[in-house]
Structures are given as structure tokens and as C-alpha cells.
Amino acid sequence: MADPITITLRVNTRVHNIGVEPRATLLHTLRELGHTDVKNGCEIGECGACAVLLNGEPVNSCMVLAVQADGATITTNAGLGTMEKPHLIQAAFADAGAVQCGFCTPGMVIATKALLDRNPNPSEHEIREALSGNLCRCTGYGQIVDGVKLAAKRLASSRQTGGASC
Amino acid sequence: MLPMFDYLKPRSLDDALALIATTPKAFPIAGGTNLLVDVRSGKVQPEALVEVGFLDELCGIRKEGGEIVIGAGTTIAELLSDPMIESQLPVLHAASTTFANTLIRNRATIGGNLANNAPCADTAPALLVLDASVELASVRGKRSIKLEEFLTSPFETVRAVDELILAVRVSVPPRAAIGRFRKMGLRKISCMAKVDVAVLLDFNSEGICVDARIAMGAASPVARRAVDAEATLVGNPLHPERIRRAADQTAQAAVPRPGSEYKQQVVRSMVTKLLDDIAREGGDRRG
């Protein structure tokens with residue numbers, strides 16, 4: 001039983017055609033493919049460290065079997081920007097001091113990306129709601145909310161000047 | 001690592017039902033937010049998971065006459081973004097806003113929430129006051145069961161192992177009816193309910209309550225209606241002494257676990273608050 005199943009995953013700019021065991025979670029599969037910016041936290045859908053965009057929607061990748069994601073487009077934190085060219089959200093997190101140990105940050109950035117795609121000018125309540133599935137064990141929530149607000153502010157001004165969208 | 005199991009993706013509903021019926025220890029999977037946790041812990045030991053959430057028969061929210069049919073594979077996020085649910089079933093919309101967190105809501109389904117039947121399932125009290133029915137299918141045929149009969153004991157339902165939940169069906173309440181939902185947990189969000197309460201009241205033009213439904217979750221082994229409290233309200237205006245009696249009766253109908261007797265007081269407070277709010281707004285509207 002449980003022969004490998006061939007699937008296709010579009011992860012950031014890469015396309016992977018791979019064989020996976022049915023029991024492999026999307027989280028483990030992504031990490032084995034080298035996408036180690038997707039963090040393995042609780043593996044029971046509590047912490048959000050493994051959050052990715054699955055066809056544009058933020059999900060816990062530990063709660064998705066890789067076979068269930070066959071054909072999907074997946075965006076991870078590292079797909080948004082690089083050290084040399086960080087994404088607007090990543091730069092805002094760094095500038096706001098929203099990164100302490102950094103373990104929750106990729107998931108927080110992904111949840112923020114999903115929020116700002118839908119709602120570019122969120123209230124603080126909407127920010128806290130959107131990040132409700134992401135835990136920060138350093139408890140640096142205040143700065144993380146500040147980081148999201150800063151990203152939204154920069155997004156608004158870049159849109160006014162015709163700059164890049166979020 | 002999760003234990004080994006097969007993964008089967010059916011071509012159709014009939015194919016799915018046949019797979020569930022003929023494959024030993026096969027479990028349907030949609031969002032997987034309960035099931036994969038149980039598989040990881042060993043509480044559930046499947047030999048195969050059968051993908052069902054994508055099947056046409058389990059997808060979408062549609063109006064059929066005076067009823068709304070919600071496909072079992074509808075995610076909580078889809079419930080939240082559906083304008084028909086928000087405008088016509090506000091009590092279910094409100095329950096969905098309290099459900100887990102944004103990441104889980106993108107995967108968890110209404111069918112899965114009922115199939116799992118955790119005592120604290122947030123959609124259950126809302127669907128109970130909406131008098132929901134659960135539509136089931138198997139190779140043996142289809143059947144429809146009232147939700148209150150479907151939910152039998154904690155984490156148990158009347159669903160047979162070869163049955164699949166297709167949809168949840170509710171009657172749209174009258175336009176004047178008022179539905180409310182309130183949840184108490186350890187946090188404001190991303191938590192399991194300690195107690196949640198749903199109410200749905202309808203009034204005639206004289207302000208007499210003509211239909212009353214009150215349900216509570218997490219305060220008993222399974223979510224349940226408080227029929228004595230409902231009877232207290234029907235046929236009367238929503239006066240303070242009626243509210244107090246209905247709140248007492250709802251609290252008495254709660255059967256919390258030993259050590260959690262405080263939940264009866266919480267139920268009483270929550271019902272009082274919800275009914276007080278409705279009474280005040282009703283008075284404003286008529287006044």
C-alpha cells in the first residue's frame with residue numbers, strides 16, 4: 001500500500017514534478033524540496049509557522065497533504081522577496097522591529113500578504129484577526145502589528161506614486 | 001511523520017461512495033483540520049483517505065425555495081464571504097466569525113465540523129437554532145436527518161462508516177427574525193469555545209414572540225437546544241422576567257462535565273445578555 005503518487009507543485013518560481021507518499025504533508029514536502037523558510041512548528045495547525053499561500057489563500061501547510069496540493073500554486077515567504085530585494089512587507093517587519101527570534105516571521109509575513117491583498121488599509125482589529133492563526137512565542141505582537149501597519153502605509157504611498165503593488 | 005495510509009481521489013460522487021464502502025478503514029477527507037490531527041495522534045488509524053471536498057455535490061451554497069443548502073465541503077472562510085449567509089443566516093455568519101482562526105477557516109469545512117462533533121463545534125449551536133438537517137449519502141442511498149438527531153454523543157454521530165455528508169439544509173428564517181451568537185473562550189479568537197450560545201427569535205407586529213430557539217455548545221456532551229426556555233418565551237413579549245426565567249431554564253438544561261459547573265452560570269449570563277440586547281433593539285424598532 002501507499003505507493004508514491006506523482007504530483008506537480010508550483011512553488012514560488014520553481015515547478016516541481018515529484019513523487020510523494022500519501023502521508024507526506026505539504027510542509028514536509030516543501031522543506032525537503034529546499035523551501036526551508038516554511039517552518040515546522042506544532043504540526044497540528046495551532047501555530048501558523050508553516051503558513052503558505054495555497055492558490056492565494058493562507059493555510060497551515062502541516063494541515064494539507066502534499067497530494068491534496070497537486071497542481072496548486074504555492075507562495076512561501078522566500079517567494080515574496082530576497083535579502084537583496086526584500087518584499088515591502090518583509091522590509092516593514094525589519095524596520096518595525098517585528099522580528100525577534102524570527103521563527104514565526106515567515107508565517108506572519110504570509111498572513112500579512114494575504115490580508116493586504118484583500119484589504120490594503122486594515123484596522124488594528126482586522127490586523128489582529130488576520131494574524132490570529134500565527135503564534136509568536138517571543139510575544140512580540142505589538143511590533144508585529146506595527147510592522148503590518150507600516151507595510152500598509154508604505155503600500156498606500158507606493159500606490160499613490162504608481163509604484164509596485166503589494 | 002504521519003503513519004502510512006493510501007490516498008484515493010475519486011472521479012465522481014458515486015465513485016467516492018463506492019470507495020468508502022469497499023475500502024477497509026477508509027475515511028473521507030476534505031479540509032483535514034480535525035482528521036489529520038487525529039491521524040497524527042493515533043486516535044484515528046485509516047488505511048485510506050478518500051478525497052471528497054472537491055466533489056461538485058459537496059461544493060457551493062445555493063437557495064432552493066425558502067431553504068439554503070450548504071455543501072458539506074464549504075469552508076468556514078467561504079461561509080464568511082458569502083453575502084447570502086451574512087444577510088439571511090446572520091447567526092451562522094456570526095458563529096463563523098468566532099471559528100478557530102483565519103488559517104484554519106481556509107481549510108475547515110462545515111461538514112467536517114459536524115462530522116467530528118466536538119462538544120465545542122462552533123457551527124453546531126447556530127445550525128441547531130436554524131433547525132438544520134444533515135443530508136447523507138452512501139451506496140445504499142440518501143437520507144436526511146435533523147441535526148439534533150445527527151449529533152449523538154461527543155465525537156460520535158449517526159453517520160455510518162460508509163456514509164458521506166453531502167450538505168446541510170436550513171430554512172431561511174422570517175425576515176423579522178433576529179439571530180444572535182456569542183462565544184466565550186480563553187481568548188477572543190483562535191480558541192475553543194468554553195460556552196457558546198445561539199438564539200433565534202421571531203416576533204409578531206405586537207411584539208409577541210412567536211418562535212424561539214436557543215441552543216448552546218460546549219456546556220453539554222453535545223450541542224443542544226433548550227426547549228423549556230424556548231417554550232417560556234413563545235406567546236409572550238420579551239419582558240425581563242421572561243428573559244430571567246428562560247436564562248435559568250437554559251442553564252438548567254446545560255450538563256457540563258464535573259468540575260465545569262461554572263458553565264451553567266456562564267450560560268445564564270450569555271442568554272440574559274443576548275435576550276436583553278434583542279429586547280432593547282425590538283423596543284427601539286417598535287418605538
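As a basis for the values below, the full set of heavy atoms in this structure was taken, side chains included, without hydrogen atoms, waters or symmetry mates. Chain naming here is simple, since letters A, B, ... match the order of the sequence lines and numbering starts at 1 in each.
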Participant: Rounded to the nearest 0.5 Å, what separates atom OG1 in B:Thr75 from atom CD in A:Glu57?
Facilitator: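 It comes to 8.0 Å.
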Participant: Is there a side-chain contact between B:Phe5 and A:Leu65 (heavy atoms, below 4.5 Å)?
Facilitator: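 Touching, per the 4.5 Å side-chain cut-off.
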Participant: Taking side chain as everything from C-beta outward and backbone as N, CA, C, O, which of these in A:Ile44 sits under 4.5 Å from a heavy atom of chain B? Side chain, backbone, both or neither.
Facilitator: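 Both the backbone and the side chain of A:Ile44 come within 4.5 Å of chain B.
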Participant: Checking B:Arg105 against chain A: side chain, backbone, both or neither under 4.5 Å from a heavy atom?
Facilitator: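 The side chain, not the backbone.
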Participant: Could you grab the distance from atom CG of A:Asn60 to atom CG of B:Asn106, nearest 0.5 Å is fine?
Facilitator: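 Answer for the CG-CG pair, A:Asn60 versus B:Asn106, is 9.5 Å.
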Participant: Rounded to the nearest 0.5 Å, what separates atom CD in A:Gln68 from atom CD in B:Glu51?
Facilitator: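 These two atoms lie 4.5 Å from each other.
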Participant: Would you say CZ of B:Arg182 has more than 12 non-hydrogen atoms from neighbouring residues, nucleotides or ligands within 6.0 angstrom?
Facilitator: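 No, CZ of B:Arg182 has 12 or fewer neighbouring heavy atoms, counting only those of other groups under 6.0 Å.
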Participant: For A:Ser132 versus B:Asn101, what's the shortest heavy-atom pair and its separation?
Facilitator: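 Shortest heavy-atom separation between A:Ser132 and B:Asn101 comes out as OG-CB, 3.3 Å.
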Participant: Which members of residues 22-41 of chain B, sorted by number, sit under 4.5 angstrom from chain A on a heavy-atom basis?
Facilitator: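 Interface residues of residues 22-41 of chain B: B:Ile29, B:Ala30, B:Gly31, B:Gly32, B:Thr33, B:Leu36, B:Val37, B:Arg40.
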Participant: Would a 4.5 Å heavy-atom cut-off, applied to side chains only, mark B:Arg107 and A:Val64 as touching?
Facilitator: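 Side chain of B:Arg107 against side chain of A:Val64, heavy atoms only: contact under 4.5 Å found.
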Participant: Do other residues, nucleotides or ligands put more than 12 heavy atoms under 6.0 Å from B:Met1 CE?
Facilitator: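 More than 12 within 6.0 Å, yes.
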Participant: When only heavy atoms count and the cut-off is under 4.5 Å, which of residues 188-197 of chain B reach chain A?
Facilitator: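 Listed by number: B:Ile189, B:Ser190.
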Participant: Check whether more than 12 heavy atoms from other residues, nucleotides or ligands sit under 6.0 Å from atom NZ of A:Lys153, and answer yes or no.
Facilitator: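 No.
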Participant: Measuring heavy-atom distances to chain B, does A:Glu21 have an atom under 4.5 Å in its side chain, in its backbone, in both, or in neither?
Facilitator: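 Side chain only.
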Participant: If you draw a 6.0 Å radius around CG in B:Asp56, do more than 12 non-hydrogen atoms from other residues or ligands fall strictly inside?
Facilitator: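 Result for CG/B:Asp56: open.
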Participant: Do any of residues 45-55 of chain A come closer than 4.5 Å to chain B, heavy atom to heavy atom, and if so which ones, in number order?
Facilitator: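 From residues 45-55 of chain A, the residues near chain B are A:Gly45, A:Gly48, A:Ala51, A:Leu54.
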Participant: Can you list everything that forms a side-chain contact (heavy atoms from CB on, under 4.5 Å) with A:Pro122? Sequence neighbours excluded, please.
Facilitator: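 Listed in chain order: A:Leu115, A:Leu116, A:Asn119, A:Glu126, A:Ile127, A:Ala152.
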